[in-house]
K.L.:
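Let me give you the structure first, and then I'll get to my questions.
Bear in mind the structure is a predicted one, so any value in this text is a computation, not a measurement. Whatever order the structure lists them in is the order used to number ligands and atoms, beginning at 1. Count residues from 1 along the sequence.
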Amino acid sequence: MLSLVCLELPQIASRRMMADADIIILGGGCAGLSLAMRLAELGELAPHTIILEARQQYTNDRTWCFWENNEPSMAFCKALITQRWDKMRVKSNELEVIVNCTQSPYALLPSLAFYDYACGVISRSNRITLLTGSSISSVSQLENSSWSIQTDSQQYTGKTIIDTRLTAKPVRQPFMLWQSFSGVEIECEASVFDMSLVDLMDFHEADTIRTIFTYILPTSPKRGLIEVTIFGVEPVSQAELKSDLERTIKSRVGSVPYRILNTEHGILPMGQPKSIPAEPKSYIRVGLGAGAARPSTGYAFQRIQFWAAACARGLSEGHQLSGHFQDSWLLRTMDNIFLRVIKDRPERAPQLFFDLFKKTDSGSLIRFLSDGGSLREALAIIRALPPLPFLQAGLAAMRETILTAIATISVRLRGRVVR
Ligand SMILES: Cc1cc2nc3c(=O)[nH]c(=O)nc-3n(C[C@H](O)[C@H](O)[C@H](O)COP(=O)(O)OP(=O)(O)OC[C@H]3O[C@@H](n4cnc5c(N)ncnc54)[C@H](O)[C@@H]3O)c2cc1C
């Protein structure tokens, strides 16, 4: 194992068939930094790790929210959370439900606070190196089965690759739906925000093509984040969301003058990709494109923390690094059916979410939204939802599973005959 010192040697040295690092993390965003931070915490047991990140500097580019709980992997977040709410609302023109979440407040963690914290932990380790301003142009496997990474200015070799990049441009397949959103944090000259609650979903007019709603995080009576979100079969660009966002801001603040403090935009895949390409064990894909986000909601921050902490713990116990953990069969099935209903009947989404929030007790609901809950709670959630569309979607999902299984078996049988 060559130490990181070799990075400073002439280029010829770094091209030797030896690894610069045990692990190279491609992309230092949420997943990359979370894993690196956990590895740094292993002290002298930490593997030599390089993180290659394209951006030169971290900015407050996103607002991470989640339902706060006592999960050990989230303990470090307590001090970074800047806002907590104990009520959340789901509404449309005709419907409104407010749910109390005092037990697990909805918490806001500004991304810059996380980046600063993680970079601080990493910088105190002599085994982990974060290289910002390193845009990766190619990755190839070498003869000795280590990996070669080319950035715009350097070449690195590593034994194991953790790839967090959301590589391909968002395309429709293989995910079931896309969650596209665009928001602004604004400061108004008069009070316009109700600080007592978060608007999780304020649905716009019912639409047969897409589900569209506003998300509002009030951080003071004059200040808050207003975001427009679309669930649709095609990703929607920031430019396409502009007019919806402008209309939404206008309807919220009326004629009160405001200034924009921050903007954020995202396109998140919803649903599991239909097929994940088989890759060598030493090349592990993680992050948004590889199952980091909960399929039905797009929430990923807590899941990433859980994965990163478990990976580092596993490594210290002699296990291999791994990708994100699969949800339980029950959660996957429920998410699948839920997404299918929203995809096929977007105009029903307001009523569905209204039923979900109105008829389920808040503890069970939050545990379900945060990837947990018991079978009994899952059944209570299923009972809260209208049976017919879910039955139809369930049957369609079952049909698809059977067809996929038949296709897989027939391909295997054909393979056996040929051999
Ligand atoms: C605006 C926004 C708000 C969100 N809000 C929430 C929320 O409230 N709650 C929640 O749970 N989840 C939320 N998410 C979803 C999820 O938590 C985030 O997207 C999270 O950042 C995903 O982590 P990641 O590591 O997969 O991707 P990223 O954090 O985007 O990290 C990928 C990194 O790879 C780098 N990279 C890409 N290509 C290259 C290259 N060629 N060379 C070098 N580096 C490269 C990028 O610069 C980036 O830093 C939000 C997402 C967005 C976009």
K.L.:
Applying salt bridge (Lys or Arg N to Asp or Glu O under 4.0 Å), can you list everything that pairs with Asp61, at least two apart in sequence or on another chain?
P.N.:
Arg55
K.L.:
Please evaluate residues Ile98 and Glu96 with respect to the criterion side-chain contact (heavy atoms from CB on, under 4.5 Å), reporting the C-alpha separation (whole Å), side-chain torsions for both, the decisive distance (0.1 Å), and the verdict.
P.N.:
CA-CA 7 Å; Ile98 295 176; Glu96 175 174 303; 3.8 Å; yes
K.L.:
Which residue pairs pass the ring-ring contact (aromatic ring centres under 6.0 Å, His included) test with at least one member in residues 363-383, sequence neighbours excluded?
P.N.:
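Residue pairs passing ring-ring contact (aromatic ring centres under 6.0 Å, His included), neighbours aside: none found.
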K.L.:
Which of parallel (below 30°), tilted (30 to 60°) and perpendicular (above 60°) describes Phe213 and Phe231?
P.N.:
perpendicular
K.L.:
Distance under 4.0 Å, heavy atoms only, partner ligand 1: which residues pass?
P.N.:
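Close residues (ligand 1, cut-off 4.0 Å): Gly27, Gly28, Gly29, Cys30, Ala31, Leu52, Glu53, Ala54, Arg55, Arg62, Thr63, Trp64, Cys65, Ser134, Ser135, Ile136, Thr164, Arg165, Phe181, Glu264, His265, Gly266, Leu268, Gly287, Leu288, Gly298, Tyr299, Ala300, Phe301, Ile304.
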K.L.:
Below 4.0 angstrom, N of the basic side chain to O of the carboxylate: do Glu189 and Lys222 qualify?
P.N.:
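No, Glu189 and Lys222 are not salt-bridged.
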K.L.:
Any ring-ring contact (aromatic ring centres under 6.0 Å, His included) involving residues 96-146? Give me the pairs, sequence neighbours left out, ordered by first then second residue.
P.N.:
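Qualifying pairs: Tyr58-Tyr115, Trp64-Phe114, Trp64-Tyr115, Trp67-Tyr106, Phe76-Tyr117, Phe114-Phe301.
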